[in-house]
Protein chains: 2
Amino acid sequence: MPQRVETVFPDPQHDHAPCVAETLERAEKIFKNNGLSLTPLRRQVLQEVAGSHTAVGAYDILERLAQKGGRRLAPISVYRALDSLVAAGMVHRLESRNAFFACHVSHAGDRRQIVLACETCSAVAEVPGGSVFDGIGAAAAASTFKPTRTLVEVIGVCGRCQAGVPV
Amino acid sequence: MPQRVETVFPDPQHDHAPCVAETLERAEKIFKNNGLSLTPLRRQVLQEVAGSHTAVGAYDILERLAQKGGRRLAPISVYRALDSLVAAGMVHRLESRNAFFACHVSHAGDRRQIVLACETCSAVAEVPGGSVFDGIGAAAAASTFKPTRTLVEVIGVCGRCQAGVPV
DNA sequence: GAGGGATTGTTATACCATAACAGTCAGCCA
DNA sequence: TGGCTGACTGTTATGGTATAACAATCCCTC
């Protein structure tokens with residue numbers, strides 16, 4: 001059964017607060033389970049990243065936090081927070097754009113997700129890619145190559161933007 | 001029939017000169033066919049990129065050309081040359097590393113290649129990924145997503161490095 | 001109460017990429 | 001032939017992304 005399209009690229013008008021709240025909660029647990037903690041800094045960074053369904057640059061986050069918090073962080077502080085969030089699986093990196101996006105779906109550590117990035121509205125979504133990753137694994141194995149990380153990113157236009165919905 | 005492993009990740013000891021020569025020849029033709037020309041600058045940049053089976057950064061190329069040629073180019077000159085080479089399909093970009101590698105196999109414009117990048121010896125190889133890309137296309141279509149560019153990069157360890165061959 | 005790991009701060013630097021404008025050259029063709 | 005056009009490179013300046021190195025703090029534990 002295919003996932004509903006609405007859940008893959010959510011309506012820009014939807015109430016996003018619950019998404020963020022749920023994500024923060026999930027993060028809290030994951031950090032705790034790993035013997036780490038979702039510190040105020042990490043929480044703030046995650047809030048900024050999770051604040052939209054788009055990928056944001058590290059310096060964007062820096063800027064937004066400066067707007068809100070008054071104090072201006074050093075870039076490396078943001079990067080360190082991002083590192084921890086990426087390690088926790090709460091944030092992924094969109095390699096083709098040097099940007100970060102929040103993982104809103106709990107795929108329970110399964111990193112075999114296809115990333116879809118809309119070049120019109122900048123929204124990012126993930127869809128399960130088990131069989132695709134199997135195929136990639138087989139191709140790698142045929143070349144005696146042992147994968148440690150596999151990256152599948154699709155740049156294109158989401159359904160909403162194809163339909164001409166104003167951004 | 002699987003491609004021979006030797007052609008995917010060539011022996012570091014192999015005679016690389018013919019690889020480069022062949023690549024330059026191919027570039028010459030492609031540029032000509034497109035009404036463009038493989039200028040001295042582009043040729044030099046391509047030589048540097050094709051000089052190994054690894055991915056190199058734009059500023060590495062800059063540095064190497066400065067060592068050889070005496071004169072130091074502006075970064076943008078290198079990027080412009082790279083842009084033209086990427087457009088011609090002679091060079092690909094390794095997004096996960098912000099680096100460039102030469103395309104040593106003539107896959108005749110078929111961009112559906114899986115990129116394998118060894119994190120130990122830095123070698124990069126491409127293997128055909130038709131069915132994998134089909135799967136990705138299907139997954140995208142199921143989410144009403146229209147791809148314009150699809151990226152499959154696998155970071156890992158090549159057979160030679162697994163076997164403990166000294167780099 | 002000493003040691004160690006996690007966390008953040010501070011400062012400096014390295015690395016990656018492009019904007020904007022000028023100038024040269026070759027080919028085309030009115 | 002003279003002017004137009006497109007391809008190509010130069011020059012200068014700037015913007016964007018990421019990390020090294022070292023110090024300080026806090027908390028937990030043994």
Using the 3.5 Å cut-off, write out each protein N or O paired with an N or O of nucleotides 14-18 of chain D and the distance between them.
residue : atom : partner : partner atom : Å
D:dA18  : OP1  : A:Arg93 : NH1          : 2.8
D:dA18  : OP1  : A:Arg93 : NH2          : 2.3
D:dA18  : OP2  : A:Tyr79 : OH           : 2.9
D:dA18  : O5'  : A:Tyr79 : OH           : 3.4
D:dA18  : N7   : A:Tyr59 : OH           : 2.8
D:dA18  : N6   : A:Tyr59 : OH           : 3.4

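- Residue contacts shown for B:Ser37 are limited to sugar-phosphate atoms, with no base heavy atom under 4.0 Å away.
- Residue B:Ser77 places at least one side-chain N or O under 4.0 Å from the OP1 or OP2 atom of D:dG10.
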- request: For side chain to side chain donor-acceptor pair (under 3.5 Å), just list the numbers for B:Ser52 and B:Thr54, CA-CA rounded to whole Å, side-chain angles, deciding distance to a tenth of an Å, and then say yes or no.
  value: CA-CA 5 Å; B:Ser52 73; B:Thr54 69; 2.8 Å; yes
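- Screening residues 131-155 of chain B for salt bridge (Lys or Arg N to Asp or Glu O under 4.0 Å) gives B:Glu95-B:Arg149, B:Arg112-B:Asp134 as the qualifying pairs, with residues at least two apart or on separate chains.
- Chain A approaches DNA chain C within less than 4.0 angstrom (heavy atoms of the protein), and the contacting nucleotides run 5' to 3' from C:dA6 to C:dT11.
- Atom CG in B:Leu38 sits roughly 16 Å away from atom P in D:dA7 (whole-Å rounding).
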- request: Determine, step by step, whether A:Gln44 and A:Glu48 satisfy the side chain to side chain donor-acceptor pair (under 3.5 Å) criterion, reporting the C-alpha distance in whole Å, the side-chain angles of both residues, the deciding distance to 0.1 Å, and the verdict.
  value: CA-CA 6 Å; A:Gln44 284 167 30; A:Glu48 289 306 324; over 6 Å; no
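- Listed by first then second residue, pairs satisfying salt bridge (Lys or Arg N to Asp or Glu O under 4.0 Å) with a partner in residues 113-125 of chain A number zero, not counting sequence neighbours.
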query: Taking protein heavy atoms under 4.0 Å as touching, what does nucleotides 21-29 of chain D look like 5' to 3' if B marks base contact, S marks sugar-phosphate-only contact and - marks none?
result: B--------
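- Of the possible polar contacts, one joining the A:Gln162 side chain to the A:Val157 backbone as a donor-acceptor pair under 3.5 Å is found.
- The phosphate of D:dT9 has OP1 or OP2 within less than 4.0 Å of a side-chain N or O from B:Thr39.
- Between the side chain of A:His53 and the backbone N or O of A:Phe101, no donor-acceptor pair lies under 3.5 Å.
- Each end of the helix from C:dG1-D:dC30 to C:dA30-D:dT1 gets its own rotation axis from five pairs of C1' atoms, and the angle between them is 10° to the nearest 10 degrees.
- The two residues A:Val49 and A:Ala102 come nearest to each other via the heavy atoms CG1-N, 3.3 Å.
- The distance from atom CZ of B:Arg72 to atom C1' of D:dT9 is 18 Å, rounded to the nearest whole Å.
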task: Just do the salt bridge (Lys or Arg N to Asp or Glu O under 4.0 Å) check on A:Glu22 and A:Arg26 with the steps written out, would you?
output: CA-CA 6 Å; A:Glu22 187 272 342; A:Arg26 205 147 43 82; 3.1 Å; yes
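- Residue whose closest nucleotide on DNA chain D sits further toward the 5' end, between B:Gly35 and B:Ala74: B:Gly35.
- Both B:Leu41 and B:Ile61 belong to a single network of hydrophobic side chains, linked directly or stepwise wherever heavy atoms of I, L, V, M, F, W or Y lie under 4.5 Å apart.
- Note on ring orientation: taking the six-membered ring where Trp is involved, the planes of B:Phe9 and A:Phe145 are parallel (angle under 30°, cut-offs 30° and 60°).
- Side-chain heavy atoms closer than 4.5 Å link hydrophobic residues (I, L, V, M, F, W, Y) into clusters, and following such links, even through other members, never connects A:Val91 to A:Ile76.
- In the hydrophobic clustering of ILVMFWY residues, with side-chain heavy atoms under 4.5 Å counting as a link, A:Val115 and B:Ile155 come out apart.
- In this structure, B:Val154 and A:Leu151 have side chains that are not in contact, with every pair of non-hydrogen atoms separated by 4.5 Å or more.
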